[in-house]
Amino acid sequence: MSTSVPAGRRSVLGSKDRVKTAVAAALGTSVENYDFIAYGTASALYFGAVFFPESDRFVGTLLSFATLAVGFVMRPLGGAIGGYFADKLGRKPVLVAAMIVMGAATFLIGVLPTYEQVDVLAPILLVAIRMIQGLAFGAEWGGAITMAYEHAPWHRRGMFAAIPQSGNPLGIALASGVFAWSDTLDGNWQWRTPFLLSAVLVIVALIVRSRLSESPEFQEAQASGKTEQNPFLATLADDWRGILRVIALRVVESFAYYSTATYLLNYITERHPDLRPVALGAITAASILAIAVAFLAGALTDRIGRRPIYMTACTAAILFAFPMYLLTNSAQPALVVTVFIIGIGLIHASLTGTQGSLLTEQFRTATRTSGASLGYQVAAAIGGFAPLLAAALVGAFGWPGAALLYLGAAVIGLVGILAVAHGPGSGVTVPKRHPAPPLGVGLTDLGDYALDVLLRLREHPAPLHRRRHRGP
């Protein structure tokens, strides 16, 4: 006999699979980010010479970054498709399908022939696979975040939504670490090996994700007939303001990462080739730090709100834009490491850890995946041009051009968080009443419920003027 999850219990304690779901979502996002970051790193270090050898060095770099941007252009379409089916059929099927497509595309990049072997067919195949990769990544994120968010207890949603967000730097750390190791290999194995090794990670993630339970909030909406006939059109018609807010909030985070880990890596290695191992190691170390920082940032939002954390991170990015290049230009290994630690390990991690709950809270259950995915991936498509734009600006104006680009994205993010100051995600949402315990639960469940309510009363005691005097 099937049973539904009572709304009151779900909002208080979350589902019984809340921890497993968040961890599984994090494993999936780490694999997805490994695959995508592997391409970004290979674009910065290898693809210019491998797929565009007849161009001069600068043009080859631009063409390589252009193929990187192609994948980002496809992400809004992937987000729209994935969001539509996640809000229509369920979150879980989209997560599994996106993982299969993403893993297959990444493995195929590892076996692609080079320009030397098949001439112009090589970059054509690269772009085609990159487009498929972008579609899959666009479809994945929204489902992973909404699954973790909707399984979580109401008062810990910032923390639970930050767990899959912590998977982002974990995937980045894995990709950077593998590239740092593969840099010691010979010839094309330096860039092929990281793509081929992704197959192992994909298989593990698929096994874990296939065992997840569906989102209880989606199941409730589906059972009560509250899903939309066309979630995509409903989102555009009713929630377009939320989409615009998400785009502004996401732009700063996307630029903060790709301007640092992709373009700055290329900037350093072109001017100081001997610093490439240092830069790769610094990205790996910063990404490991970011795993903890992203989780802590998300957990902290449950205490003090989403807005203060995001405002602080955007302000830090504004202040860091020019020092980032001044420190890098010194060519001192310690200062180069410091740049990546601050840019990725602190600023970017604080942004991404807060986004899990902040962005999903802009939408209702019936359109949550569609809205969050579409806004997130449109901004990602814009951010995907960060390395290309930075390279072009440096070619025209020198390093201050890239610094101004980074600063401009940070200003957009600051404006975006100010725009949601009085809306969802501006602080901790505390229900006015404690919902009644659901009927038909066992003693253990009732004990868990009572403990949770006591903890909530301790954290948010009722104001004195609302307490009733009942006499002696």
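No hydrogens, no waters, no symmetry mates; every other heavy atom, side chains included, goes into these values. These figures come from a predicted structure and were not determined experimentally.
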Check whether any side-chain heavy atom of [X] sits under 4.5 Å from a side-chain heavy atom of [Y], and report yes or no.
{"X": "R307", "Y": "V420", "answer": "no"}
{"X": "L280", "Y": "L265", "answer": "yes"}
{"X": "I304", "Y": "T301", "answer": "no"}
{"X": "L212", "Y": "V96", "answer": "no"}
{"X": "S350", "Y": "V293", "answer": "yes"}
{"X": "F160", "Y": "S357", "answer": "no"}
{"X": "T29", "Y": "Q165", "answer": "no"}
{"X": "I145", "Y": "Q355", "answer": "no"}

- Query: Yes or no on side-chain contact (heavy atoms from CB on, under 4.5 Å) for L414 and I318, after CA distance, side-chain angles and deciding distance?
  - Reply: CA-CA 9 Å; L414 186 59; I318 291 172; 4.0 Å; yes
- Item | Between Y267 and N329: side-chain donor-acceptor atoms closer than 3.5 Å | yes
[atom1]/[X] to [atom2]/[Y] distance, rounded to the nearest 0.5 angstrom?
{"X": "L404", "Y": "L393", "atom1": "CG", "atom2": "CG", "result": "8.5 Å"}
{"X": "E214", "Y": "D17", "atom1": "CD", "atom2": "CG", "result": "11.5 Å"}
{"X": "L296", "Y": "M159", "atom1": "CG", "atom2": "CE", "result": "11.0 Å"}
{"X": "M147", "Y": "T360", "atom1": "CE", "atom2": "OG1", "result": "14.0 Å"}
{"X": "L27", "Y": "L170", "atom1": "CG", "atom2": "CG", "result": "8.0 Å"}
{"X": "I109", "Y": "I129", "atom1": "CD1", "atom2": "CD1", "result": "6.0 Å"}

Closest heavy-atom contact between [X] and [Y]?
{"X": "Y263", "Y": "A402", "answer": "CE2-CB, 4.3 Å"}
{"X": "A410", "Y": "A317", "answer": "CB-CB, 3.6 Å"}
{"X": "P93", "Y": "G90", "answer": "CD-O, 3.6 Å"}
{"X": "A294", "Y": "A162", "answer": "O-CB, 3.7 Å"}
{"X": "I283", "Y": "A261", "answer": "CD1-O, 3.7 Å"}
{"X": "A136", "Y": "M102", "answer": "CB-N, 3.6 Å"}

- Task: Just grab all the ring pair (Phe, Tyr, Trp, His ring centres under 6.0 Å) pairs involving residues 293-321, residues at least two apart or on different chains.
- Result: none
- Return each pair, listed once, that meets ring pair (Phe, Tyr, Trp, His ring centres under 6.0 Å) where at least one residue sits in residues 240-262; pairs must be two or more places apart or across chains. F72-Y258, Y257-H348
Counting only pairs under 3.5 Å, give me each side-chain donor-acceptor contact of residues 73-80, with atom names and distances, residues two or more places apart or in other chains.
unit_1 : atom_1 : unit_2 : atom_2 : d
R75    : NE     : Q377   : OE1    : 2.8
R75    : NH2    : Q377   : OE1    : 3.2

Do the side chain of [X] and the main chain of [Y] share a donor and acceptor less than 3.5 angstrom apart?
{"X": "T365", "Y": "F218", "result": "no"}
{"X": "T367", "Y": "F363", "result": "no"}
{"X": "N230", "Y": "L233", "result": "yes"}
{"X": "S224", "Y": "A221", "result": "yes"}
{"X": "Y406", "Y": "F322", "result": "no"}
{"X": "T106", "Y": "G103", "result": "no"}
{"X": "T21", "Y": "R18", "result": "no"}
{"X": "T352", "Y": "A349", "result": "no"}

- Before giving the answer on side-chain contact (heavy atoms from CB on, under 4.5 Å), spell out for L358 and L249 the whole-Å C-alpha distance, their side-chain angles and the decisive distance to 0.1 Å. CA-CA 9 Å; L358 176 63; L249 293 168; 3.9 Å; yes
- Message: Would I268 and T328 count as a side-chain contact (heavy atoms from CB on, under 4.5 Å) here? Give the steps.
- Response: CA-CA 7 Å; I268 291 171; T328 298; 3.4 Å; yes
- Query: Do Y39 and F47 have their ring centres less than 6.0 Å from each other?
  - Reply: yes
- Message: Test side-chain contact (heavy atoms from CB on, under 4.5 Å) on F232 and T235; report intermediate values, then the result.
- Response: CA-CA 5 Å; F232 177 74; T235 303; 5.8 Å; no
- Any cation-pi pair here, R250 with Y376, using under 6.0 Å and within 45°? yes
- Message: Taking side chain to side chain contact (heavy atoms under 4.5 Å, CB included) as the definition, give me every residue that meets it alongside A148, ordered by chain and number, with sequence neighbours left out.
- Response: A22, P164
- Query: Which residues pass the side chain to side chain contact (heavy atoms under 4.5 Å, CB included) test with S210, sequence neighbours left out?
  - Reply: none
- Answer yes or no: is there an ion pair linking R157 with E217, defined by an N-O contact shorter than 4.0 Å? yes
- Task: Look at R368 together with E361 and state whether they make a salt bridge at an N to O cut-off of under 4.0 Å.
- Result: no
- Can you run down the side-chain hydrogen bond (donor to acceptor under 3.5 Å, both in side chains) pairs that involve residues 76-89, sequence neighbours left out, and say none if there aren't any? D87-R91, D87-T369, D87-S370
